[in-house]
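First up is the structure itself, then whatever we jot down about it.
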Amino acid sequence: MAEQVTIGRIGEYVDQVVSIKGWLYNRRDKGRLQFLLVRDGTGTIQAVAFKRDLEPAAWEAAAQVTQESSLVVTGIVRADDRAPGGYELGITDLEIVQMAGEYPIALKSHGVDFLMENRHLWLRAPSQWAVLRVRATVIRAVRNWLDDHDFMLVDAPILTPAACEGTTTLFETEYFGEKAYLSQSGQLYNEAAMEAFGKVYCFGPAFRAEKSKTRRHLIEFWMVEPEMAYVDLEGCMEVEEQLVAHIAQEVLAHCRPELEILERDVSKLEAITAPFPRISYDDALKILAEAGEPLDWGEDFGAPHETVLGNHFDRPVFVHRYPAQCKAFYMAEDPVDPKLSLSVDLLAPEGYGEIIGGGQRAHDLALLERRIAEHKLPQEAFAWYLDLRRYGSVPHSGFGLGIERTVAWMCGVHHIRETIPFPRTMGRIYP
RNA sequence: UCCUCGGUAGCUCAAUGGUAGAGCGGUCGGCUGUUAACCGAUUGGUUGUUGGUUCGAGUCCAGCCCGAGGAGCCA
């Protein structure tokens with residue numbers, strides 16, 4: 001075996017004999033000439049076998065190997081315009097590691113149900129490879145940006161004693177004889193961490209047992225939630241736009257091959273630069289009325305409204321100061337108009353809707369107690385949370401950014417179930 | 001939970017109430033530059049399920065199961 005290399009770096013090995021350990025993506029049989037498309041996780045390369053150039057055993061392996069068999073292929077790297085990707089491997093030897101049986105996923109279109117039933121194999125498809133590589137890049141960009149801007153990672157618990165927000169349906173489990181719930185947000189714990197460490201974030205899964213059946217909902221999804229002491233609504237928006245712009249730049253910088261596979265219009269990503277437009281809820285109602293999607297004051301946006309607002313601008317748009325009645329109990333009150341909350345959502349263009357929800361939190365003890373009562377939440381469950389307002393309460397803000405929605409937007413994929421390796425959707429927990 | 005649509009070969013889909021088919025995949029054969037290669041042959045079925053109407057049901061009716069699209073909720 002020659003030096004083992006990865007396809008992602010194959011351009012560094014032109015005219016050298018190398019080995020690639022991978023899997024057979026596809027084979028085109030031309031008789032005494034075989035084209036093998038080999039992938040190794042970092043990319044795909046065409047390997048070419050001529051019968052007269054090979055030992056009989058190696059030729060036989062090249063002629064027999066089945067789709068998705070694992071193999072080690074050795075040959076000379078050539079630059080060739082006829083090859084997809086510009087490089088090909090002139091095979092000198094081929095060893096089959098495991099001969100795959102008839103592979104379920106043919107190289108043609110399939111239905112969603114079938115692909116989801118075979119998600120463990122579908123991950124190998126070029127489109128899914130590309131989306132999940134973008135996901136990894138998005139997550140890396142988020143963590144690097146926050147780490148580089150003095151945010152401290154403080155993870156929140158998954159098992160919780162009560163609802164964080166009291167709105168969505170929770171997954172119930174049992175905790176040594178007591179009821180417990182899977183976390184729907186790290187938000188409240190973040191606020192405790194914020195008073196200990198200043199600027200913090202948690203990054204983890206969230207669970208919502210809503211029977212949602214739309215392209216922008218998952219039962220289990222990942223969320224990054226920064227929380228910042230002594231930061232007001234305006235400061236919160238500044239952090240959000242810097243973070244989102246950085247994500248787009250990192251995807252553009254590191255995921256060109258992936259975006260090409262996904263046929264993503266990169267000009268849409270290049271447009272994602274700060275500052276983002278800021279409109280109030282009241283401004284948004286005017287835009288909606290003009291666009292023929294009128295909404296009564298006090299109503300929250302539905303999917304069509306978010307789409308109209310997102311498409312009204314060429315970059316993400318902040319909508320701030322929603323009526324207090326359509327936001328969570330912990331949002332701060334607008335001192336100018338107490339009917340409004342100091343909340344802000346970030347809506348993405350192209351119909352991807354709400355990417356971020358957040359805003360300034362209520363830091364006044366009396367207001368928070370009143371809100372908990374208004375929302376008919378159990379006061380005792382929030383005793384520790386109210387303590388945060390008794391001992392050194394400060395104005396503070398935070399937000400939650402949905403990883404899957406962001407990845408779907410970056411990739412231009414229609415449904416967020418493709419942006420997580422093993423999606424949990426309503427009625428599906430296999431594989 | 002509500003509305004709409006669907007379930008036929010491993011997959012994607014056809015089939016006036018009257019003999020269940022095609023393409024892809026698989027298998028065999030052919031081809032020295034293929035790009036989801038192509039050409040020929042071949043393999044492949046309890047039509048989601050239960051009951052009903054009918055001389056006869058993949059097709060019509062009812063219930064149930066499963067899935068998809070959307071709504072509400074939100075990241």
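Within every chain, numbering begins at 1; the chains are lettered A, B, ... in the order of the sequence lines, protein sequences first and strands thereafter.
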Candidates [options] - which lies nearest the side chain of [X]:
| X | options | result |
| --- | --- | --- |
| Leu218(A) | G25(B), A75(B), C73(B) | A75(B) |
| Arg78(A) | C74(B), G33(B), A71(B) | G33(B) |
| Glu102(A) | C11(B), G26(B), U32(B) | G26(B) |
| Glu354(A) | A75(B), C11(B), C74(B) | A75(B) |
| Ala106(A) | C74(B), G25(B), G72(B) | G25(B) |
| Arg52(A) | G69(B), A71(B), U32(B) | U32(B) |
| Val48(A) | A68(B), U12(B), G33(B) | G33(B) |
| Arg405(A) | U34(B), A75(B), G69(B) | A75(B) |
| Lys108(A) | G33(B), C73(B), U12(B) | U12(B) |
| Arg428(A) | G70(B), C74(B), G67(B) | G67(B) |

Give a yes/no answer on whether the side chain of Arg28(A) brings an N or O atom under 4.0 Å of OP1 or OP2 in U34(B). no
Would you please confirm or rule out a distance under 4.0 Å between OP1 or OP2 of G69(B) and any side-chain N or O of Arg417(A)? yes
Judged by modelled atom types alone, do Glu238(A) and Gln242(A) share a side-chain donor-acceptor pair under 3.5 Å? no
Presence of donor-acceptor pair under 3.5 Å, side chain of [X] and base of [N]:
| X | N | value |
| --- | --- | --- |
| Lys213(A) | A68(B) | yes |
| Asp113(A) | C66(B) | no |
| Arg216(A) | C73(B) | no |
| Glu88(A) | G33(B) | yes |
| Gln34(A) | U34(B) | no |

Distance in angstrom units between [X] [atom1] and [N] [atom2], rounded:
| X | N | atom1 | atom2 | result |
| --- | --- | --- | --- | --- |
| Phe114(A) | U12(B) | CZ | P | 7 Å |
| Met426(A) | C66(B) | CE | C1' | 12 Å |
| Arg424(A) | C74(B) | CZ | C1' | 20 Å |
| Asp53(A) | G33(B) | CG | C1' | 14 Å |
| His414(A) | G69(B) | NE2 | C1' | 9 Å |

In terms of the angle between their ring planes, are Phe203(A) and Trp222(A) parallel, tilted or perpendicular, with boundaries placed at 30° and 60°? tilted
Going by ring centres under 5.5 Å and near-parallel planes (under 30°), is Phe35(A) stacked on G33(B)? no
Assign each of Lys51(A) and Gly357(A) to its nearest nucleotide of RNA chain B by heavy atoms, then name whichever residue's nucleotide is nearer the 5' end. Lys51(A)
Residue mapping more 5' on RNA chain B - nearest nucleotide basis, Phe301(A) or Arg215(A): Arg215(A)
Please state the C1' separation for the pair G18(B) and G23(B) - nearest whole angstrom. 26 Å
Could you check Arg133(A), Arg264(A), Met410(A) and say which one makes a side-chain contact (heavy atoms from CB on, under 4.5 Å) with Glu258(A)? Arg133(A)
Please determine whether the number of non-hydrogen atoms from other residues, nucleotides or ligands lying under 6.0 Å from atom CD of Glu55(A) exceeds 12. no
Every stem of 3 or more Watson-Crick or G-U pairs under 3.5 Å that RNA chain B joins, in order of first number, is B:1-7 with B:65-71, B:10-13 with B:21-24, B:25-30 with B:38-43, B:48-52 with B:60-64
What contact category does His217(A) fall into here, base, sugar-phosphate, or nothing, at under 4.0 angstrom with non-hydrogen atoms? base
